[in-house]
Amino acid sequence: MIKVTKFTANGPVDVPCKVWKFPTGEIGFKFTDIPLITNGKSKYEIRCKFESNDDIFAAIQAIDALKNLNISTESIILFLPYLPYSRQDRVCHEGEAFSLGLFAQILNSLCVTIWTLDVHSEVAFDQIPMLENATQDECAWCLPKFNTLIAPDKGAKLKVKQHSQVNGYSFDKTEVVCLEKQRIGSSIVYMDYEFDTIKGNVCVVDDLADKGGTFLALAEMLR
């Protein structure tokens with residue numbers, strides 16, 4: 001799903017557009033209010049909520065449509081809250097693809113600034129020169145303080161430290177718990193925490209969430 005916004009002196013304005021799918025599966029895109037785009041010089045943000053590759057291609061088409069209306073690339077921002085393909089950020093095993101590198105080639109060809117939230121892989125910065133990132137601490141600054149911060153697995157330990165810094169926590173005042181999970185078949189299982197110190201309002205800080213299995217399993221253990 002994409003949303004196009006024009007930023008004017010009077011504030012942001014939604015730019016109406018139409019996205020459709022042809023019978024053979026291709027995505028089509030069109031702006032439906034051309035005067036809104038061509039009147040005056042403004043900045044444009046294309047926000048892409050990634051649910052499938054269709055959303056990515058619709059965002060790319062929106063950028064192309066703006067260019068075709070003589071909007072300069074300096075005036076266009078592509079906002080990808082989640083940067084797709086960051087999970088395959090290198091070739092780990094023979095025969096694999098470097099998915100993030102391939103996706104980076106597409107993004108770089110657009111020649112626009114790209115924003116993301118708390119990028120999953122630092123490799124993205126090497127692959128996408130025009131990438132800007134709102135870090136974990138910037139994303140979490142407005143959250144309330146919690147009694148306990150929880151890292152659900154080893155990969156989230158760094159995120160907990162970043163979160164604690166933005167809230168001014170010190171580890172001797174706020175409980176910081178780093179857990180380990182086990183995968184049994186398709187299920188995620190947490191063993192009961194050794195000491196019953198997880199109390200009060202808790203915040204689970206993870207580096208990535210997709211289907212939510214980690215959070216469901218963790219909630220069951222915490223209860």
Side-chain angles (χ1 to χ4, degrees), residues 1-22 25-87 99-100 102-144 159 162-163 166 206-210 212:
M1 181 176 69
I2 70 167
K3 178 181 179 182
V4 182
T5 303
K6 178 179 181 179
F7 292 91
T8 69
N10 296 322
V13 178
D14 290 343
V15 180
C17 58
K18 178 182 179 182
V19 179
W20 71 94
K21 182 172 287 190
F22 291 99
E26 299 97 326
I27 295 295
F29 180 90
K30 180 181 181 179
F31 285 116
T32 56
D33 189 343
I34 305 303
L36 176 61
I37 298 173
T38 54
N39 289 341
K41 293 184 178 181
S42 302
K43 295 286 187 179
Y44 294 85
E45 177 193 86
I46 300 169
R47 178 185 293 252
C48 178
K49 181 182 177 182
F50 178 75
E51 295 178 348
S52 73
N53 288 329
D54 289 348
D55 300 313
I56 291 296
F57 203 74
I60 293 173
Q61 288 178 305
I63 293 172
D64 185 66
L66 287 174
K67 292 179 180 178
N68 292 339
L69 293 170
N70 296 317
I71 304 300
S72 69
T73 54
E74 291 80 8
S75 300
I76 303 172
I77 296 173
L78 174 59
F79 183 22
L80 295 168
Y82 167 66
L83 184 66
Y85 300 104
S86 295
R87 302 182 79 163
S99 299
L100 179 58
L102 290 172
F103 187 51
Q105 292 180 39
I106 297 173
L107 295 181
N108 292 336
S109 70
L110 302 174
C111 299
V112 301
T113 299
I114 300 162
W115 270 94
T116 191
L117 299 180
D118 192 25
V119 67
H120 181 59
S121 173
E122 299 291 324
V123 175
F125 296 117
D126 295 329
Q127 297 294 317
I128 310 169
M130 296 185 72
L131 180 65
E132 302 287 345
N133 177 58
T135 60
Q136 173 82 207
D137 54 350
E138 293 172 315
C139 294
W141 71 270
C142 60
L143 293 178
K159 298 298 182 183
Q162 292 174 342
H163 185 284
V166 69
D206 208 347
D207 60 340
L208 184 68
D210 41 29

I want to check something: taking the side chain as every heavy atom from C-beta on, are [X] and [Y] in contact at a cut-off of under 4.5 Å?
X: Asn68; Y: Asp64; answer: yes
X: Phe31; Y: Leu36; answer: no
X: Ile76; Y: Leu110; answer: no

Rounded to the nearest 0.5 Å, how far apart are [atom1] of [X] and [atom2] of [Y]?
X: Trp115; Y: Leu131; atom1: CH2; atom2: CG; result: 9.0 Å
X: Ile34; Y: Asn39; atom1: CD1; atom2: CG; result: 11.0 Å
X: Cys48; Y: Ile60; atom1: SG; atom2: CD1; result: 8.5 Å
X: Thr113; Y: Glu74; atom1: OG1; atom2: CD; result: 8.5 Å
X: Phe103; Y: Asn108; atom1: CZ; atom2: CG; result: 10.5 Å
X: Ile63; Y: Ile71; atom1: CD1; atom2: CD1; result: 13.0 Å

- Query: Does Phe57 have any ring-ring contact (aromatic ring centres under 6.0 Å, His included) partners at least two apart in sequence or in another chain, and if so, which?
  - Reply: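 With neighbours one apart ignored, the set is empty.
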Taking all atoms of both residues into account, what is the closest heavy-atom pair of [X] and [Y], and its distance?
X: Phe22; Y: Gly28; value: CE1-CA, 3.9 Å
X: Val15; Y: Thr5; value: CG2-C, 4.2 Å
X: Ala59; Y: Leu78; value: CB-CD1, 4.0 Å
X: Ala58; Y: Phe29; value: O-CD1, 4.0 Å
X: Lys67; Y: Thr73; value: CE-CG2, 3.5 Å
X: Pro84; Y: Leu100; value: O-CD1, 4.3 Å

- Message: Using the rule given for side chain to side chain contact (heavy atoms under 4.5 Å, CB included), can you reason through Asp55 versus Ser52, listing the C-alpha separation, both sets of side-chain angles and the distance that settles it, and then say yes or no?
- Response: CA-CA 6 Å; Asp55 300 313; Ser52 73; 3.9 Å; yes
- Task: State whether the number of non-hydrogen atoms from other residues, nucleotides or ligands found under 6.0 Å of Lys3 atom NZ is greater than 12.
- Result: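 For Lys3, atom NZ is not crowded (no more than 12 foreign heavy atoms under 6.0 Å).
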- Item | Stepwise side chain to side chain contact (heavy atoms under 4.5 Å, CB included) check, His120 with Leu83 | CA-CA 8 Å; His120 181 59; Leu83 184 66; over 6 Å; no
- Which residues pass the side chain to side chain contact (heavy atoms under 4.5 Å, CB included) test with Ser42, sequence neighbours left out?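 Ser42 satisfies side chain to side chain contact (heavy atoms under 4.5 Å, CB included) with Lys6, Thr8, Tyr44 once adjacent residues are dropped.
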- Item | Flag, side chain of Asp54 to backbone of Gly25, donor-acceptor distance under 3.5 Å |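 Pair absent, no side-chain N/O of Asp54 close to backbone of Gly25.
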